[in-house]
Peer 1: 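Take a look at the following structure, please.
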Amino acid sequence: MLGPGRAAVLFQPLPLALNRFLSLSLARASGQSLAGEQTPGQRCSDEATLHQAALYVHWPYCERRCAYCNFNKYISPTVDHDAMRDGLVRETQTLLRDSQVKEITSVFFGGGTPSLARPATIASILETVARTTHIPHNMEVSMEANPTSATASRLAKFKQAGVTRLSLGVQALCDHDLKILGRDHTAQEALWSLEEAKKLYPGRTSVDILFGRPGQSLESWEEELEELVALCDHHVSLYQLTLERGTALFKQVHEKVLGMPEQETMAQMYQAARSILGKAGFHQYEVSNFAKNEAVCMHNLSYWRGRQYLGVGPGAHGRFVPWGEGKTRREARIQTLEPDDWLREVRRFGHGTRKRVQQSELDILEEILVLGLRMNEGITHQNWLQCSPGFSLQDALGDSPEVVQYLEEQLLVLDDRGLRCSWEGLALLDSLLPTLLHQLQLSYQKSVARCL
């Protein structure tokens, strides 16, 4: 049961959770630092990771827009695949040059529906990375796929192109709910796709599924998840359905055509899922992600640990130091959203970067706090101090009565390892973060004032 005044965390897909928080950083005073603040830049990485980065590539097209989705995606009867390939390759080359990255640690093709891209496009991007940087042996190359675009022959071609891990957007195993969500596959088609994916990517197939859907009960959710874990044997990404303004689902719920489960029921669904997945041998390593046999998503771990990443494609986000431009501070970047505009900019400038803001030290610490606490491992002292020597986690949070209360209630743990949520606290992360961020900002301002 949730305590008074507290709500379960909104378990959003990582791109949405990231984009919401990162957009706040971009809006902050055009990136201006607090007076007297020290320049971050390379301090936020050790020597081993200084010139490493993950690569995210955004494919913006879908066959249809799901009723709940407000991601940057476009429905187009015709896609110029050659132009998109050339644009993605060129922007990849430009950002690799500007970042001076020596090693790409992982690649993630997201969208949109990247399984609608040509396998040759995927191969061209990966070949560009291999020619320009070092890539580790058995580098993780993930791709999102929808069941309707994930036929066995197509999945095999993506594997030949270099994809090593598949994230399958099942979302529900109930045909009625799939229709409400606006998905274009049936539950049976999802299960067929899952079986084919497991054959081609054994041990490296992940499934996305939503809970808190309109009209969904706790009992039906438990039955559905039991069915899923019997078939998906390595990785599950579990997300609470959220209502986004401008979507068809938001309108239907607002007009009372559909009703959503109560917040308490959603919290019970989450706890039930943790129990069912745990009994099935899945280890929860992040708020929304569960893995067997250490089959974690290495790419997403890069985000949560505050590492550099390059964002390629319409609307992609990135975080890196543009050493190639003679700069030493990390920048937050967003690429141009609309594909045609993005392509024109790439052809003219080599990239379609629409927004770029130098991040202050506080910006980076806030991101480490928000994203790091999503992980079961939390934030290590070492990772925190790499970004802010002399300003420890204890300095940032330990003096706050509210934080002390969280520690006493065993919702948070602050010890020799670092800061992390307890099992109970992880389910309340959304309620804890505003207090933690506020305390970080106050403590940081006091620290800066003492240095003046």
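None of the values given here were measured: they were computed from a predicted structure. The chain is numbered in sequence order, starting from 1.
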Peer 1: Could you tell me whether the side chain of Glu140 and the main chain of Arg165 form a donor-acceptor pair under 3.5 Å?
Peer 2: no
Peer 1: Any sub-3.5 Å donor-acceptor pair from Asn383's side-chain atoms to Arg305's backbone N or O?
Peer 2: yes
Peer 1: Evaluate the side-chain hydrogen bond (donor to acceptor under 3.5 Å, both in side chains) criterion for residues Ser237 and Asn289: first the C-alpha distance (whole Å), next the side-chain angles of each, then the deciding distance (0.1 Å), finally the verdict.
Peer 2: CA-CA 5 Å; Ser237 294; Asn289 287 274; 2.6 Å; yes
Peer 1: Closest approach of Asn146 and Ser115, non-hydrogen atoms and distance?
Peer 2: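 Minimum heavy-atom separation between Asn146 and Ser115: N-OG, 3.4 Å.
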Peer 1: In terms of the angle between their ring planes, are Tyr303 and Tyr309 parallel, tilted or perpendicular, with boundaries placed at 30° and 60°?
Peer 2: perpendicular
Peer 1: State whether Asp184 and Arg64 are salt-bridged, where the test is any N-O pair (Lys NZ or Arg NE/NH1/NH2 against Asp/Glu carboxylate O) under 4.0 Å.
Peer 2: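 Salt bridge: no.
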Peer 1: State whether Arg420 and Asp415 are salt-bridged, where the test is any N-O pair (Lys NZ or Arg NE/NH1/NH2 against Asp/Glu carboxylate O) under 4.0 Å.
Peer 2: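 Between Asp415 and Arg420 there is a salt bridge, with a charged N closer than 4.0 Å to a carboxylate O.
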Peer 1: Might you confirm whether atom CD of Glu195 has over 12 heavy atoms from other residues, nucleotides or ligands at distances under 6.0 Å?
Peer 2: yes
Peer 1: Would you find a donor on one side and an acceptor on the other, under 3.5 Å apart, between the side chain of His185 and the backbone of Val170?
Peer 2: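 Yes, His185 side chain to Val170 backbone: donor-acceptor pair under 3.5 Å.
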Peer 1: Around His134, counting heavy atoms of other residues, nucleotides and ligands shown, do more than 12 lie under 6.0 Å from its NE2?
Peer 2: yes
Peer 1: Can you name the one residue among Leu429, Leu407, Val404 that meets side-chain contact (heavy atoms from CB on, under 4.5 Å) with Leu412?
Peer 2: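 So the option named by the test is Leu407.
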Peer 1: Counting C-beta onward and ignoring hydrogens, is there a side-chain heavy-atom pair between Leu440 and Leu362 closer than 4.5 Å?
Peer 2: yes
Peer 1: If you take all heavy atoms of Tyr68 and Leu241, which pair is closest and at what distance?
Peer 2: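 For Tyr68 versus Leu241, the nearest heavy atoms are CB-CD1, 3.6 Å.
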Peer 1: Checking Glu144 side chain against Gly110 main chain: does a donor-acceptor pair fall under 3.5 Å?
Peer 2: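 No.
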Peer 1: Quick one: does Gln284's side chain have a donor or acceptor within less than 3.5 Å of a partner on Val287's backbone?
Peer 2: yes
Peer 1: For Gly418, is there any backbone N or O sitting under 3.5 Å from a side-chain donor or acceptor partner on Thr380?
Peer 2: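 Not confirmed, Thr380 side chain does not pair with Gly418 backbone.
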Peer 1: Answer whether the closest heavy-atom distance between the side chains of Leu337 and Pro314 falls below 4.5 Å.
Peer 2: no
Peer 1: Salt-bridged, Arg330 to Glu367, with N to O below 4.0 Å?
Peer 2: yes
Peer 1: Check whether the side chains of Trp304 and Glu377 place a donor and an acceptor atom closer than 3.5 Å, and report yes or no.
Peer 2: no
Peer 1: Hey, is the main chain of Lys355 close enough, under 3.5 Å, to the side chain of Thr353 for a donor-acceptor pair?
Peer 2: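 Such a contact is absent between Thr353 side chain and Lys355 backbone.
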Peer 1: State the CG-CG distance between Leu419 and Leu436, to the nearest 0.5 angstrom.
Peer 2: 7.0 Å
Peer 1: Taking atom CD1 of Ile364 and atom CG of Leu369, what is their separation to the nearest 0.5 Å?
Peer 2: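 Interatomic distance, Ile364 CD1 to Leu369 CG, rounded to 0.5 Å: 14.0 Å.
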Peer 1: Check whether the side chains of Glu244 and Thr242 place a donor and an acceptor atom closer than 3.5 Å, and report yes or no.
Peer 2: yes
Peer 1: Establish, yes or no, whether the cationic atom of Arg213 lies under 6.0 Å from the six-membered ring centre of Trp221 and within 45° of the ring axis.
Peer 2: no
Peer 1: Tell me, yes or no, whether the heavy-atom count around Lys157 atom NZ, taken from other residues, nucleotides or ligands under 6.0 Å, exceeds 12.
Peer 2: no
Peer 1: Determine, step by step, whether Glu224 and Ile209 satisfy the side-chain contact (heavy atoms from CB on, under 4.5 Å) criterion, reporting the C-alpha distance in whole Å, the side-chain angles of both residues, the deciding distance to 0.1 Å, and the verdict.
Peer 2: CA-CA 10 Å; Glu224 186 174 3; Ile209 191 161; 3.9 Å; yes
Peer 1: Do Tyr285 and Phe290 have their ring centres less than 6.0 Å from each other?
Peer 2: no
Peer 1: Looking at Leu95, is its backbone amide N or carbonyl O close enough to the side chain of Ser99 to form a donor-acceptor pair, meaning the two atoms are under 3.5 Å apart?
Peer 2: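 Yes: the side chain of Ser99 pairs with the backbone of Leu95.
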Peer 1: Check the pair Val236, Ser206 against side-chain contact (heavy atoms from CB on, under 4.5 Å), reporting the backbone distance first and the verdict last.
Peer 2: CA-CA 6 Å; Val236 173; Ser206 178; over 6 Å; no
Peer 1: Side chains of Gln308 and Arg319: any donor to acceptor distance under 3.5 Å?
Peer 2: no
Peer 1: Any chance the side chains of Thr121 and Arg85 put a donor and an acceptor closer than 3.5 Å?
Peer 2: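 No - no donor-acceptor pair under 3.5 Å links their side chains.
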Peer 1: Test Val101 against His51 for side-chain contact (heavy atoms from CB on, under 4.5 Å), laying out the working first.
Peer 2: CA-CA 5 Å; Val101 165; His51 291 294; 5.6 Å; no
Peer 1: If you take all heavy atoms of Ile368 and Cys387, which pair is closest and at what distance?
Peer 2: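 Nearest pair, atom of Ile368 first, then Cys387: CD1-SG, 3.4 Å.
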Peer 1: If you count heavy atoms of other groups shown closer than 6.0 angstrom to NZ of Lys102, is the number above 12?
Peer 2: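 Correct, the count exceeds 12.
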Peer 1: Are side-chain N/O atoms of Tyr444 and Glu361 paired as donor and acceptor at under 3.5 Å?
Peer 2: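 Yes - a donor-acceptor pair under 3.5 Å links their side chains.
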Peer 1: Look at the aromatic rings of His254 and Phe250 and report parallel, tilted or perpendicular, splitting at 30° and 60°.
Peer 2: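 Ring orientation of His254 relative to Phe250: parallel.
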Peer 1: Going by atom types alone, do Ser302 and Arg307 pair a side-chain donor with an acceptor below 3.5 Å?
Peer 2: no
Peer 1: Has the side chain of Glu226 got a donor or acceptor atom that lies under 3.5 Å from a matching backbone atom of Ile276?
Peer 2: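 Here the side-chain-to-backbone pair does not exist.
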Peer 1: Donor-acceptor pair, distance only, cut-off 3.5 Å: does the side chain of Ser220 make one with the backbone of Ser217?
Peer 2: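 Side chain of Ser220 to backbone of Ser217: a pair is present.
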Peer 1: Tell me, with the steps shown, if Thr186 and Gln188 meet side-chain hydrogen bond (donor to acceptor under 3.5 Å, both in side chains).
Peer 2: CA-CA 5 Å; Thr186 65; Gln188 187 58 59; over 6 Å; no
Peer 1: Go through the steps for Ser443 and Gln439 under the test side-chain hydrogen bond (donor to acceptor under 3.5 Å, both in side chains), then give the verdict.
Peer 2: CA-CA 6 Å; Ser443 298; Gln439 182 57 36; 2.9 Å; yes
